[in-house]
Structures are given as C-alpha cells and as structure tokens.
Engineer: 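The following block contains the structure, expressed as structure tokens.
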Amino acid sequence: MTFQLQHTDNASDARAGLITTAHGQIETPIFMPVGTVGSVKGVHFEELRRQVGAQIILGNTYHLYLRPGLDTLYKAGGLHKFISWDRPMLTDSGGFQVFSLSGIRKLTEEGCMFTSHIDGSRHFFTPENVMDTERTIGADIMMALDECPPGKSDYEYARKSLAMTQRWLDRCFKRFNETEPRYGYKQSLFPIVQGCTYKDLRREAAKFVADKGADGNAIGGLAVGEPTDVMYEMIEVVNEILPKDKPRYLMGVGTPQNLLEGIARGVDMFDCVMPTRNGRNAMLFTYQGTMNMRNKKWENDFSPIDPDGCEIDRIHTKAYLHHLFKAQELLAMQIASIHNLAFYLRLVGDARKHIIAGDFTPWMKSIVEQLGKRV
C-alpha cells in the first residue's frame, strides 16, 4: 500500500491524498461504510458502488470469525470474493467487539477469552491468531489487536492497558512479518493509538506506533463517552506525532461535524455505523441539518428527498419516504441508509475538493454549525 500526499490546507491540518492498494485507489479524506458481517446493513453492494460511491468498506474480524467462519471464507477465496466486492477493504481486529459485546470475558497477557454473543461458545483471541484470522479474511488493510479501555478509565488502568496493547502490537507485527498473504496480493497492518484521554499516554502511544513505520496508523478509543472537545484535543495531540506521510484513520467517528473537525486536524480515514443506524431510525443527514422522516411535517412535502443528492434522493419525495416509515416498510430503511451513506461520501468528497481549491477552512466554517441543526 502506498500513500501520496497531494494537497494541504493553509489554515488547518486538512490534507488530500491518494491511497493505492491491490484492489484499487482511495481518494482521501474518505469515509468507509461499515460492513460488519460482510454486508452494509440494508444496502446492496451495487448500490454502494453506483449510488453511494464507496471506495472502501469495512469488515469486522470478530463477527466474521464467528459467522460464516474462517473455513468458509478461505474456501471462498477471501471476503472480497465471498461478498463480490472488488474494491479495497479494511478489517478491524475485533478487539472492540470482544470488550463491548461479550458478556463474559477474561483478559490476560496472552490474549482474551470471550463468549460468543451468538451461542455462548468460548473462544480465545491472541495477537497471533487475530493476524492469522485477518490474513484469512484477506482485507487490504488489517488492524492490530488492542484493548479499547472504557472512556472514563482512571489513569492507572489506562496506563496498564496501554502497556499491554503495546506488547500485543509487538506480537502482531512479529506474526504479520512471519506470515504471507493467502490470496496473492499484499496486505498492510495498521497499529492503533490508545491512551484514553490522558495526553502523556496518547503521546507515548503515538510515538510507539510511529516508530513501527507501518503503512498507516489508526487512532482508537475515542467517541466512547468523552466530551467532544476532549476528543478533538486528543486527535491534535496524536497527530502532532504520527507521520505526515502516512494515512491516519480515526476509528468509529462519527457525525458529519466530527468528520469535518477531524479532517481539519489531519485525519484521512473515518468509519462509523451512524449513517445506516440512524437511517434505519428515520434520521437523514443533509447540508441543511438532520431530518426526522417520521415527522408529520413531511406528509405532504412532494419535493425530492435531496435535489443535490444521489439518484435515489432525486427520484423519491420526502412525502413518500415519510409514508414508508409510517407503514414500517423495509424500503424506508434502505432508502434512508443509501441517502446517509451517499451524503457522508459527498461530504468528504466536497472537503477534498475544497482542500485542493485552497478554501477548505472558510467552507467548513460556513457549514459546520448548520449540519447539526434539526430541519
């Protein structure tokens, strides 16, 4: 994987770049739809290509390991072939799901014992077998196994957690370097910066990660309950240290405003379930603000969902989408999910255009407040 830094903003740390992988190129800044179990909820892959314009999607190691399982994925030739997706893909390590979904888990130096949320069966993740699992899944970008401590962890817990995450990272890289890709193309391994909301721990983690010389680096453990301004401060602290010639991935973030604020602080890659999750619950994101499509005010509004949006936005009216939600039709959730994903991709695409044009900062300031208002 290569990263070419193409443009930088004069008034902020925003950048436009180009990531090249075995499955194609990615123009940054970029938003990555989340395909947890090998599907982006409610959206067919053809719609992701044609309507949304997705350049890269995510798979989740925890979920894919449990179902359909590694044997099926290997026989299929990897996740790309299994789901018929020919563009780049990233897999997270499953660590966050282990710590957030598993009702019973035991964390040791060796790894993490956990119970499946599906059937209660017991499993054990180590840095080594997670690398093997991600090799079998076959994503272009693999994530290292880490512990994502609770956002309000005390300093001593955060310090011990970070130390173990760093030891695990050494083991991840050792295993990664000892093994070969399984499907004939190269994969990249991204380490993850942790450290909760403690500046010194974040700086230590960023330095440790930067010294690995990886193809790219991730920032984890944010948007987990801390105040938004603290999240932005942690991004600034970390990005002062992470190398500028490698892509930076902010994990699990967030709202349209979060994306723009992250871009302004030098982040290149984002993912979040918010566009599809909120879409399934009738919330649309637009440049004018958020819209609750169950509200009666849309009942007789026959204007397009978004006249400047994707094709599905221009075909269907607000009144029709309101009707579908009231009638509890599955099509309502599909249309809303496609709209939100297409809007997120449009937002980061517009940010890229303004970075290249040299007016990103005034453009961002002119729209960022409006994005959070209710229409």
Side-chain angles (χ1 to χ4, degrees), residues 1 19-24 26 32-41 43-46 48-49 54-98 101-102 105 110-146 168-169 171-192 214-216 218 249 251 271:
M1 193 199 84
I19 298 172
T20 302
T21 75
H23 285 92
I26 306 156
M32 304 179 285
V34 178
T36 304
V37 297
S39 70
V40 177
K41 284 186 183 294
V43 184
H44 190 273
F45 290 108
E46 185 56 32
L48 283 175
R49 295 184 186 95
Q55 300 177 46
I56 176 174
I57 62 171
L58 268 70
N60 180 263
T61 293
Y62 167 90
H63 289 282
L64 293 167
Y65 163 82
L66 292 175
R67 192 168 51 190
L70 301 184
D71 186 56
T72 296
L73 289 171
Y74 181 63
K75 289 176 179 176
L79 186 59
H80 281 94
K81 290 186 176 179
F82 186 59
I83 66 176
S84 300
W85 177 257
D86 58 358
R87 296 182 183 181
M89 188 186 303
L90 180 151
T91 43
D92 66 14
S93 69
F96 179 80
Q97 284 70 30
V98 165
L101 291 180
S102 181
R105 59 181 173 86
E110 181 60 22
C112 185
M113 180 75 72
F114 64 94
T115 57
S116 165
H117 72 287
I118 299 170
D119 59 9
S121 56
R122 302 292 293 274
H123 303 271
F124 194 64
F125 271 179
T126 69
E128 291 80 10
N129 67 27
V130 165
M131 292 296 95
D132 295 344
T133 297
E134 292 190 76
R135 287 291 199 196
T136 300
I137 296 171
D140 300 273
I141 300 171
M142 301 164 45
M143 305 305 299
L145 181 65
D146 62 335
W168 282 4
L169 181 58
R171 290 165 58 189
C172 283
F173 268 100
K174 184 174 186 296
R175 187 65 162 210
F176 179 79
N177 292 327
E178 291 172 347
T179 57
E180 294 292 331
R182 306 194 73 173
Y183 308 112
Y185 55 85
K186 291 187 177 181
Q187 297 172 276
S188 294
L189 174 61
F190 281 22
I192 304 171
D215 290 341
Y249 164 33
M251 305 179 74
D271 81 284

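Please read all numbers here as calculations on a predicted model, not as lab measurements.
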Engineer: Side chain of Glu134, backbone of Met143: donor and acceptor closer than 3.5 Å?
Structural biologist: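 Flag set: sc Glu134 to bb Met143 pair under 3.5 Å.
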Engineer: Please give me the minimum heavy-atom distance between Gly24 and Pro88, naming the atom from each residue.
Structural biologist: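 Scanning both residues, the minimum pair turns out to be O-CG, 3.7 Å.
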Engineer: If I take atom OH from residue Tyr65 and atom CG from residue Asp132, how far apart are they, to the nearest 0.5 angstrom?
Structural biologist: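 So the gap between those two atoms works out to 11.5 Å.
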Engineer: Below 4.5 Å, heavy atoms only, C-beta onward: do Gln97 and Asp92 meet side chain to side chain?
Structural biologist: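 A side-chain contact exists here, since the closest heavy-atom pair is under 4.5 Å.
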Engineer: Would you say Tyr185's side chain and Gly138's backbone share a donor-acceptor pair under 3.5 angstrom?
Structural biologist: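 Between the backbone of Gly138 and the side chain of Tyr185 there is a qualifying donor-acceptor contact (under 3.5 Å).
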Engineer: Report the C-alpha separation of Leu66 and His123 in whole Å, then their side-chain angles, then the decisive distance to 0.1 Å, and conclude whether the side chain to side chain contact (heavy atoms under 4.5 Å, CB included) test is met.
Structural biologist: CA-CA 9 Å; Leu66 292 175; His123 303 271; 3.5 Å; yes
Engineer: Please report the shortest heavy-atom distance between Thr21 and Ile26, naming the atom on each side.
Structural biologist: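 It is CG2-CD1, 4.1 Å.
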Engineer: Any side-chain heavy atom of Leu73 sitting closer than 4.5 Å to one from Pro68?
Structural biologist: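 Yes - at least one pair of side-chain heavy atoms lies under 4.5 Å apart.
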Engineer: Which pair of heavy atoms, one from Gly216 and one from Pro191, lies closest together, and at what distance?
Structural biologist: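 Closest approach of Gly216 to Pro191, heavy atoms only: O-CD, 3.3 Å.
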Engineer: Any idea how Tyr183 and Tyr74 line up, ring-wise: parallel (<30°), tilted (30 to 60°), or perpendicular (>60°)?
Structural biologist: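 Tilted, since the angle between the ring planes falls between 30° and 60°.
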Engineer: When rounded to the nearest 0.5 angstrom, what is the spacing between CG in Asp71 and OG1 in Thr136?
Structural biologist: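 Going from the CG atom of Asp71 to the OG1 atom of Thr136 covers 10.0 Å.
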Engineer: Is there a donor-acceptor contact under 3.5 Å from the side chain of Asp140 to the main chain of Met89?
Structural biologist: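 Present.
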Engineer: If you measure from CZ on Phe45 to CD1 on Ile83, what distance do you get to the nearest 0.5 Å?
Structural biologist: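 CD1 of Ile83 is found 3.5 Å from CZ of Phe45.
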Engineer: Just verifying a value: how many Å separate Ile137 CD1 and Leu90 CG, rounded to the nearest 0.5 Å?
Structural biologist: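 Result: 10.5 Å between the selected atoms.
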Engineer: Taking all heavy atoms of Arg49 and all of Trp85, pick out the closest pair and write down the distance.
Structural biologist: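 Of all heavy-atom pairs spanning Arg49 and Trp85, the closest is NH2-CA, 3.6 Å.
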Engineer: Report yes if the side chains of Met113 and Arg122 come closer than 4.5 Å at any heavy-atom pair, otherwise no.
Structural biologist: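 A side-chain contact exists here, since the closest heavy-atom pair is under 4.5 Å.
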Engineer: For Met251 and Phe190, what are the C-alpha separation, side-chain angles and deciding distance, and is it a side chain to side chain contact (heavy atoms under 4.5 Å, CB included)?
Structural biologist: CA-CA 12 Å; Met251 305 179 74; Phe190 281 22; over 6 Å; no
Engineer: Do we see a donor-acceptor contact under 3.5 Å between the side chains of Asp271 and Tyr249?
Structural biologist: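 Yes, side-chain donor-acceptor contact under 3.5 Å.
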Engineer: Mind checking whether His63 and His117 have parallel, tilted or perpendicular rings, split at 30° and 60°?
Structural biologist: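 Perpendicular: the ring planes of His63 and His117 meet at over 60°.
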Engineer: Does Arg135 reach the side chain of Met142, with side-chain heavy atoms less than 4.5 Å apart?
Structural biologist: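 Sidechains of Met142 and Arg135: in contact.
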Engineer: Verify, without hydrogens or angle tests, whether Arg182 (side chain) and Gly77 (backbone) share a donor-acceptor contact under 3.5 angstrom.
Structural biologist: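 No.
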Engineer: If the plane angle is over 60° it's perpendicular, under 30° parallel, otherwise tilted; pick one for His23 and His80.
Structural biologist: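 His23 and His80: parallel rings.
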Engineer: For atom CD of Glu46, is the number of surrounding heavy atoms from other residues, nucleotides or ligands below 6.0 Å larger than 12?
Structural biologist: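 Counting other residues, nucleotides and ligands, CD of Glu46 exceeds 12 neighbours.
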Engineer: Applying the side chain to side chain contact (heavy atoms under 4.5 Å, CB included) criterion to Met131, which one of Arg175, Glu178, Gln187, Arg171 satisfies it?
Structural biologist: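 Running side chain to side chain contact (heavy atoms under 4.5 Å, CB included) over Arg175, Glu178, Gln187, Arg171 with Met131 returns exactly one hit, Arg175.
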Engineer: Looking at Arg67 and Asp119, is any side-chain nitrogen of the basic one under 4.0 Å from a carboxylate oxygen of the acidic one?
Structural biologist: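 Salt bridge between Asp119 and Arg67, a charged N being under 4.0 Å from a carboxylate O: no.
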Engineer: Could you state the interatomic distance from OG1 (Thr126) to CH2 (Trp168), rounded to the nearest 0.5 Å?
Structural biologist: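 CH2 of Trp168 is found 9.0 Å from OG1 of Thr126.
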Engineer: Determine the sole option in Thr61, Leu189, Asp146 for which the side chain to side chain contact (heavy atoms under 4.5 Å, CB included) test with Ser93 is passed.
Structural biologist: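 Exactly one pass, corresponding to Asp146.
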Engineer: If you compare all heavy atoms of Pro33 against all heavy atoms of Val40, which two are closest, and at what distance to 0.1 Å?
Structural biologist: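 Taking every non-hydrogen atom into account, CB-CG2, 4.2 Å.
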Engineer: Under 4.5 Å between any side-chain heavy atoms of Arg87 and Ile57, yes or no?
Structural biologist: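 Arg87 vs Ile57: side chains apart.
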Engineer: So, taking the atom named CE in Met32 and the one named CD1 in Ile141, what distance separates them when rounded to the nearest 0.5 Å?
Structural biologist: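 Separation between the atoms: 7.0 Å.
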Engineer: Indicate the atoms forming the closest heavy-atom contact of Phe124 with Phe114, along with that distance.
Structural biologist: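 Minimum heavy-atom contact is N-CE2, 4.2 Å.
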